[in-house]
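The basis for the numbers below is simple: all heavy atoms, side chains too, and nothing from hydrogens, waters or symmetry mates. Convention: sequence-line order gives letters A, B, ...; per-chain numbering from 1.
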Number of protein chains: 2
Amino acid sequence: MYKRRNKCRGMRKRKGAGRPTISDVAEKAGVSTITVSRALRDPSKVSDHLRRKINNAVKKLNYVPHSHASALASTRSNIVGVIVPSLTNNVFADTLRAIYDELDDGVFQVQLGNSRYVAKDEERLVRTFLGQGPSAMIVAGTDQTAATRELLQNASCPVVQIMETGDDPIDMMVGFSHFEGGRAAGTHLVQKRYKRIGFLGARMDPRSYRRLEGFKEAMRSGGRYDPDLIVTTTASSSVSLGAELIGQLRKRRPDLDAVFCNNDDMALGALFGCQKAGISVPDEMGIIGFNDLEMMAASYPSLTSIRTDRYQIGKRAVQMIKSVLDGETPEQKIIDLGFELQCRESTTREKK
Amino acid sequence: MYKRRNKCRGMRKRKGAGRPTISDVAEKAGVSTITVSRALRDPSKVSDHLRRKINNAVKKLNYVPHSHASALASTRSNIVGVIVPSLTNNVFADTLRAIYDELDDGVFQVQLGNSRYVAKDEERLVRTFLGQGPSAMIVAGTDQTAATRELLQNASCPVVQIMETGDDPIDMMVGFSHFEGGRAAGTHLVQKRYKRIGFLGARMDPRSYRRLEGFKEAMRSGGRYDPDLIVTTTASSSVSLGAELIGQLRKRRPDLDAVFCNNDDMALGALFGCQKAGISVPDEMGIIGFNDLEMMAASYPSLTSIRTDRYQIGKRAVQMIKSVLDGETPEQKIIDLGFELQCRESTTREKK
DNA sequence: GTGCGTAATGTTAGCGCTAACATAATGTTA
DNA sequence: TAACATTATGTTAGCGCTAACATTACGCAC
């Protein structure tokens, strides 16, 4: 049998991807590959003269750095890992849009994960994402598993928790207090002299719970606390569900005269449910939602809500990341963007 | 000056990422690295015996393949590139959720891009994504630039255009006809004996235009075509805008007695606008939307809409991709999921 | 004039995996 | 029984970039 030494291989070689590489650019510019790399990643370390030659060659060859090769060689990628609990919840959509807008300079790419409100799914995604050496991680809220916290604490990249604030950030944090938001909603209904005030909550993720706790606090302070008026379900939130839950609650408690819904879809549904039942809003029923989505102002009657700045949350989170990656120390590790009561017709009874 | 030959370097070496590599697994299992790779990627090529030993070693070492190294070596990544024109449009949210659900087996990751309804932005994203050797690409619609079409046609991975159907797919396609959907909406209003029927359209992306063309066709067929009753704007769609546009149109044309809105948010806004103006829906104004979002059934009165199966679009797109990647030839390159008129109270006048 | 520090650029080899080729054992067909 | 094919496993080197170390030139202080 014909025997060839392993080292004397056939002439065929590995095929690359076919596009120009950093070697091609280096050859054209008359420098070494690491100088090209420096010109693109850290231009201050390359002389003006050579930088111009290199950028010229990059243009001529239409060179695009190979992100996988760079990530392998540096153990660091150009990815920002973002994990949200829902893709269809408008709240996260606004924040995602801000993240994408703020990363639009093309330096970073978003790797989006959907944890489906399951802490263990979030953990699995965090593990997968960290394994790819992201430049930064953005996760929602403050209720990670212990393992997730540890992974993120030990990560060698900036980490931002969004949508909430708390005392114990993994790294950085942008959000607001859901407890205080819920309390503000409850307080508002008390101040508007509603007497038998209920709560409608769906899904009941940790943030929904904190809103409920804040609401309870307001009810206790206003001498109106009645646990029987609190209705929650683990079903996903929807407009239909809001209508259904208020119908159920009113059937049990016809004396109900106001509700705080843990989000705007539920509040809109509560409004529709009242209209179907011939209940006058705000006269016979006050309704307040949470987040202040665009439709709340347009509804008839317009709906009161606790306004949250979801776009700003995403924007500030990326700005924090960028400043850390630029070597700066963030002025604040925790940014509390607060919320704002947006009082509209649905809680404004005519004076009697 | 102390001079050392380049080849006699210091003892310090490149640091890796610190986690177990395929070499560690190979050593533990007593095989070569390529056998471990085959066991994970193409198990049928490895004997049962060795496969068990390898999987055992993978578990013990908690080994996770390095996606960047794999992508570099094979010029192919485990990414599915998905580009949508909007992150905040509920229509795409449902489809994205299906894509994520269908890819939840962990083999692939989603790389999500936001083209913001700009064909040139889509082109730039397609270029960037293709440069990373994705396993598949999903893009929206059929109005790509010539360059984008060429890039995708020449891509060595499956490509699916979603949300629409057409005669000339780049590769594969899952959607429905927006022209026919618009026509069905218009025809419905004619059949319900509305006489002066208008169209409210926002943003007017290509799909919105096709709905408008279909609507016009229905108006011509029904002898009700009046271009003066068509209102469009390039502003982004919203509930508020729907209220505003119907207010404007009614002011100019108090004889208006029905509208087809190019999406559900606009339809809901049109409803609110009528309610504020004391116009009875459906008696004095018929309203039909498009997509049939969850809230349409819950509104008061409930809103008629053209139902589209956005979740199924995403699901089928991923199924097509998976079957192609598994080496199968898809039965159909184009899947038309159609649409369905969902007739509700907002176009059902009481008989007189 | 010398020594030291800094800046700019270059060289080497390795990040982790797999394409491409090699080898040996086993099976099939004429 | 020989020739060819298939299957399972191994070896080599390369995918494209950059960490780590090396070299050289220049500026500055003593």
message: Using whole Å, what does the distance between atom P of nucleotide D/dA8 and atom CG of B/L50 come to?
response: 11 Å
task: Flag the pair A/P65 / A/I22 as yes when at least one side-chain heavy-atom distance between them is below 4.5 Å, and no otherwise.
output: no
- line: Closest of C/dT9, D/dG10, D/dT9 to the B/S47 side chain is D/dT9
- line: Annotated structure of DNA chain C as dot-bracket, pair cut-off 3.5 Å, Watson-Crick or G-U only, | for inter-strand, is ||||||||||||||||||||||||||||||
query: Would you say D/dC17 has OP1 or OP2 under 4.0 Å from some side-chain N or O of A/T33?
result: no
message: Please confirm whether the shortest side-chain N or O distance from B/S37 to OP1 or OP2 of C/dT18 is below 4.0 Å.
response: yes
statement: To the nearest angstrom, the CD1-C1' distance between B/I22 and D/dC15 comes to 15 Å
query: Whole Å only: how far is the CG atom of A/D24 from the P atom of D/dC15?
result: 11 Å
Atom pair distance, as rounded to whole Å: CD in B/E27 and C1' in D/dT9: 18 Å
- prompt: Applying the side chain to side chain donor-acceptor pair (under 3.5 Å) test to B/T145, which of B/E123, B/K120, B/E122, B/E150 qualifies?
  reply: B/E123
- line: Testing C/dA19, C/dG16, D/dG10 for proximity to the side chain of B/S74, the answer is C/dA19
query: Between D/dT9, C/dT9, C/dC17, which nucleotide has the shortest distance from any of its atoms to the side chain of B/P65?
result: C/dC17
- request: Measure the shortest side-chain to side-chain distance between A/M172 and A/P330 over non-hydrogen atoms and say whether it is less than 4.5 angstrom.
  value: yes
- request: Round to a whole Å and report the spacing from CG of A/L40 to C1' of D/dC17.
  value: 11 Å
- prompt: In whole Å, what is the span from the NE2 atom of B/H49 to the C1' atom of D/dT7?
  reply: 16 Å
- request: Would you indicate which nucleotide in C/dA20, C/dT9, D/dT18 comes nearest to any side-chain atom of A/R38?
  value: C/dT9
Heavy-atom side-chain contact between B/D171 and B/L152 under 4.5 Å: no
Proximity to the side chain of B/A73 - top-ranked nucleotide from D/dC17, D/dG14, D/dA20: D/dG14
query: Only one of B/M320, B/Q319, B/M173, B/Q312 forms a side-chain contact (heavy atoms from CB on, under 4.5 Å) with B/I335, so which one is it?
result: B/M320
query: Can you check the B/L72 CG to C/dG14 C1' distance for me, whole Å?
result: 12 Å
query: Are the side chain of B/T88 and the backbone N or O of A/D94 linked by a donor-acceptor pair below 3.5 Å?
result: no
- request: By nearest nucleotide on DNA chain D, pick out whichever of A/R19 and B/S32 is the more 5' one.
  value: B/S32
message: Base, sugar-phosphate or nothing for A/S67? Non-hydrogen atoms, less than 4.0 Å.
response: nothing
- prompt: Does C/dC17 have OP1 or OP2 sitting under 4.0 Å from an N or O in the side chain of B/S70?
  reply: no
query: For the residue pair A/H68 and B/H68, does the interplanar ring angle fall in the parallel (under 30°), tilted (30 to 60°) or perpendicular (over 60°) class?
result: tilted
message: Measure CD1/B/I54 against P/D/dT9 and give the value in whole Å, please.
response: 8 Å
query: Can you check whether B/L325 reaches B/S135 side chain to side chain, under 4.5 Å on heavy atoms?
result: yes
